[in-house]
Amino acid sequence: MLEIKNLHATVDGKEILRGINLTIKAGEVHAVMGPNGSGKSTLSYVLAGRDGYEVTQGDILFHGRSLLGLEPEERARDGLFLAFQYPVEIPGVANATFLRSAVNAVRKHRGLADMDAMTFLKTAKAKMKQLQMDEKFLQRAVNMGFSGGEKKRNEVFQMLMLEPTLAILDETDSGLDIDALKIVAEGVNALRGPERSALVITHYQRLLDYIVPDVVHVLAGGRIIKTGGKDLALELEAKGYADIIADAA
Amino acid sequence: MPTLSRMRRKDQVMSAVPFIDQLAGVYQAAAAGLPGARTPAVAARRTAALEVFRRLGLPNHKLESWKFTGLNALERQSWSPPANEGGVDAARLKAATLDADSYRLVFVNGRFDAAASRIGTLPRGVTLLPLSAANTALSDVLAAAGTDRAVSLSELNAALASDGVVLLLDDGVVLEQPVEILAFGVPALVNLRHLIRLGRNARATVLESYRDGGIAAPGWTNVFAHVAVGEGARLSHIRLQGENASAYHAALGQVSIGAGARYAHASVQAGAALARHELHVTFAGGAAEADIQGLVLARGKAHLDHTLFLHHAVPDCRSNQLFKHVVDDAGHAVFQGGIRVAPHAQKTDAQQLSRTLLLADRAQIDTKPELEILADDVKCSHGASIGDVDAQQMFYMQARGIPAAEARRLLLSGFAYEVVSAVPEGALRDHVEEFVEVWLAEKGAAA
């Protein structure tokens with residue numbers, strides 16, 4: 001599904017990722033944990049294709065095809081989804097308009113006809129119910145005036161609508177209380193399946209109680225310094241990052 | 001070094017009939033057919049107005065209020081009065097009309113087009129008719145707006161006004177359906193003049209729309225509107241300027257707002273080669289409100305100007321100005337926002353904001369707040385921002401699979417929506433939204 005090979009990337013000329021190797025097979029959930037400044041968000045932006053995040057070495061293969069040189073929208077249409085750590089506010093554009101454009105762009109790419117307004121509304125409402133979101137969020141401008149938790153829920157809502165094959169969740173747990181966390185995790189779990197994978201980026205182990213990963217990686221200084229099973233997350237929680245980093249050095 | 005052809009062109013201009021004389025010629029040719037031509041007082045007023053214009057000439061850059069917009073291009077064209085015949089084709093008319101019940105007055109060739117219009121039955125206390133049928137009100141309508149050079153076009157308009165709308169509401173009259181004024185540009189000099197007067201506690205909605213008549217040669221539409229909002233009255237006044245890309249459009253509006261009244265104005269300019277909509281708003285009584293919003297959509301070489309003078313002449317009034325600009329290619333937007341607070345106009349609340357998206361290197365905006373505050377107990381603020389489409393917002397949309405061109409269009413539409421949403425909800429807002437979307441979609445096709 002996803003193969004990251006010796007990935008080096010710079011931001012503003014500064015090297016942040018220094019040789020990442022990571023392979024996610026179809027159906028797997030991987031967690032990437034690491035201290036602040038380890039390169040977690042950079043990794044997510046590089047995967048999504050954000051401007052200013054320059055890959056200087058290595059490659060990223062998604063479904064066997066290199067992502068390098070593809071526009072963000074091409075990656076999204078191929079099934080990659082990034083749930084933003086800081087979802088962006090877009091004044092004047094209704095959530096429904098935005099999401100319908102996205103859904104239809106992805107459908108077009110898959111050779112499907114546009115989803116008509118009625119079907120879209122019906123589908124959207126069902127997904128919102130699943131996430132215990134108020135339907136009025138459809139008519140509000142994208143993320144405008146949403147609380148931190150509402151924004152994160154809106155990210156997962158978009159994910160459920162777009163049905164990506166690879167979901168990258170960038171600190172989706174931050175800003176969520178425990179009830180919201182459970183709902184969001186259920187949303188993510190609902191999408192799990194043999195053909196779908198996820199990369200869960202988080203600072204804390206807490207989210208991984210609800211989205212149980214197959215593999216856990218520790219990212220520090222732009223490299224993966226340790227890889228293990230789900231117990232590694234617990235170990236990190238108990239010992240802290242400093243010890244693991246010291247062990248790995 | 002001047003080339004031969006350039007020199008020759010200059011010669012031609014010099015040997016042509018001077019602009020002012022040319023316009024006098026237009027008057028001579030048109031005078032007998034203008035409304036009120038057989039009423040000596042009206043004819044005398046028109047002749048006098050022409051003389052005032054001849055004396056003053058066109059406004060020019062030397063005037064502070066015309067610093068950013070020049071009318072020289074008008075002098076390089078030859079002008080004639082509009083033809084006597086020819087209508088607008090059905091598809092064009094349909095596309096420009098409001099999709100709702102309205103009192104509709106359509107003007108083609110500067111004249112009321114009865115076949116395309118639909119006034120129907122009016123409630124009691126409402127006068128609504130084309131200027132060409134308003135014998136008694138004519139002197140009122142042609143009254144001078146001012147006699148200084150900055151507003152000289154309004155005197156040219158008084159001399160040449162061939163038609164327009166007279167809307168008068170008696171005290172307490174509420175007009176439920178909007179009044180729709182729809183004028184199509186033609187390759188000639190067209191002068192339209194409107195009078196809108198709302199009595200005490202009256203209410204109305206007016207949509208004033210200037211559209212492309214499918215002209216082949218440049219036209220010049222010169223509009224003057226006098227608007228009086230009586231005590232406690234409410235007027236929602238929407239203005240759309242979507243003239244042909246080769247057209248010139250100049251409009252001056254004079255608005256007075258009575259005590260406790262509310263005037264809401266939204267102006268969208270998305271057409272013409274050169275256009276200026278100038279609005280003078282005066283608070284005539286306390287506790288009144290004015291909400292003035294504008295949107296400029298400029299591409300190609302379009303030069304689109306909103307100039308506003310808001311006069312807080314009395315205490316306790318509130319005004320809000322929001323002007324937004326989307327400028328692409330070598331387009332040029334101008335916003336001048338004048339606010340004057342008279343010495344005794346205490347408790348004035350006047351806010352002004354200008355926001356601009358410049359989408360290309362050669363795109364320009366001149367945005368100028370001009371605040372003259374002579375009272376000390378007031379709340380006044382102004383601000384301006386200029387930028388490009390937000391890169392984070394673009395990335396967010398693209399990361400959802402939305403192609404860059406569409407993401408951009410959605411963001412521009414969102415930017416414009418703040419002004420669109422100032423229009424009353426329903427068919428009117430849908431109409432204005434559609435007007436904006438059509439412009440944005442053209443952009444999409446070009447990109």
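When reading the values below, keep in mind they use all heavy atoms of this one structure, side chains included, and skip hydrogens, waters and symmetry mates. Chain letters run A, B, ... following the sequence lines, proteins first and then strands; every chain starts at 1.
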Quiz prompt | Pick from B:Glu406, B:Arg400, B:Met397 with the largest number of heavy-atom pairs that fall under 4.5 Å of chain A | solution = B:Arg400
Quiz item: Side chain, backbone, both or neither: which part of A:Val142 has a heavy atom under 4.5 Å from chain B?
Solution: side chain
Self-check item: Residues B:Arg299, B:Glu442: salt bridge by 4.0 Å N-O rule
Solution: yes
Quiz item: Is a side-chain N or O of A:Gln139 found less than 3.5 angstrom from the main chain of A:Lys136, in a donor-acceptor match?
Solution: no
Exercise. Measure from NZ or CZ of B:Lys368 to the centre of the six-membered ring of B:Phe68, then state whether that distance is under 6.0 Å and the direction lies within 45° of the axis.
Key: no
Quiz prompt | chain A-proximal positions within residues 417-432 of chain B [heavy-atom distance under 4.5 Å] | solution = B:Tyr417
Exercise. Please confirm whether A:Phe98 and B:Tyr396 have ring centers closer than 6.0 angstrom.
Key: yes
Quiz item: When only pairs under 4.5 Å are counted, which of B:Ala391, B:Ala399, B:Ala407 shares the most heavy-atom pairs with chain A?
Solution: B:Ala399
Quiz item: For the candidates A:Asp78, A:Leu82, A:Asp51, which exhibits the highest count of non-hydrogen atom pairs separated by less than 4.5 Å from chain B?
Solution: A:Leu82
Quiz prompt | Sub-6.0 Å ring centroid separation between B:His265 and B:His277 | solution = yes
Quiz item: Quick one: of A:Glu155, A:Lys108, A:Arg75, who has the most non-hydrogen atom pairs under 4.5 Å with chain B?
Solution: A:Glu155
Practice problem: Determine, step by step, whether A:Glu15 and A:Thr56 satisfy the side chain to side chain contact (heavy atoms under 4.5 Å, CB included) criterion, reporting the C-alpha distance in whole Å, the side-chain angles of both residues, the deciding distance to 0.1 Å, and the verdict. | Solution: CA-CA 9 Å; A:Glu15 187 169 57; A:Thr56 50; 4.3 Å; yes
Exercise. May I ask you to check whether over 12 heavy atoms, not counting those of A:Asp12, lie within 6.0 Å of atom CG?
Key: no
Quiz prompt | Winner by heavy-atom pair count (cut-off under 4.5 Å) against chain B, out of A:Pro164, A:Ala94, A:Ser101, A:Ala48 | solution = A:Ser101
Quiz item: Judged by atom type as modelled, is there a donor-acceptor pair below 3.5 Å linking the side chain of B:Arg239 to the main-chain atoms of B:Ala266?
Solution: no
Quiz item: Got a salt bridge between A:Lys151 and A:Glu89, using NZ or NE/NH1/NH2 to carboxylate O under 4.0 Å?
Solution: yes
Quiz item: Do you know which of A:Val106, A:Leu162, A:Leu80, A:Val88 has the most heavy-atom pairs under 4.5 Å to chain B?
Solution: A:Val88
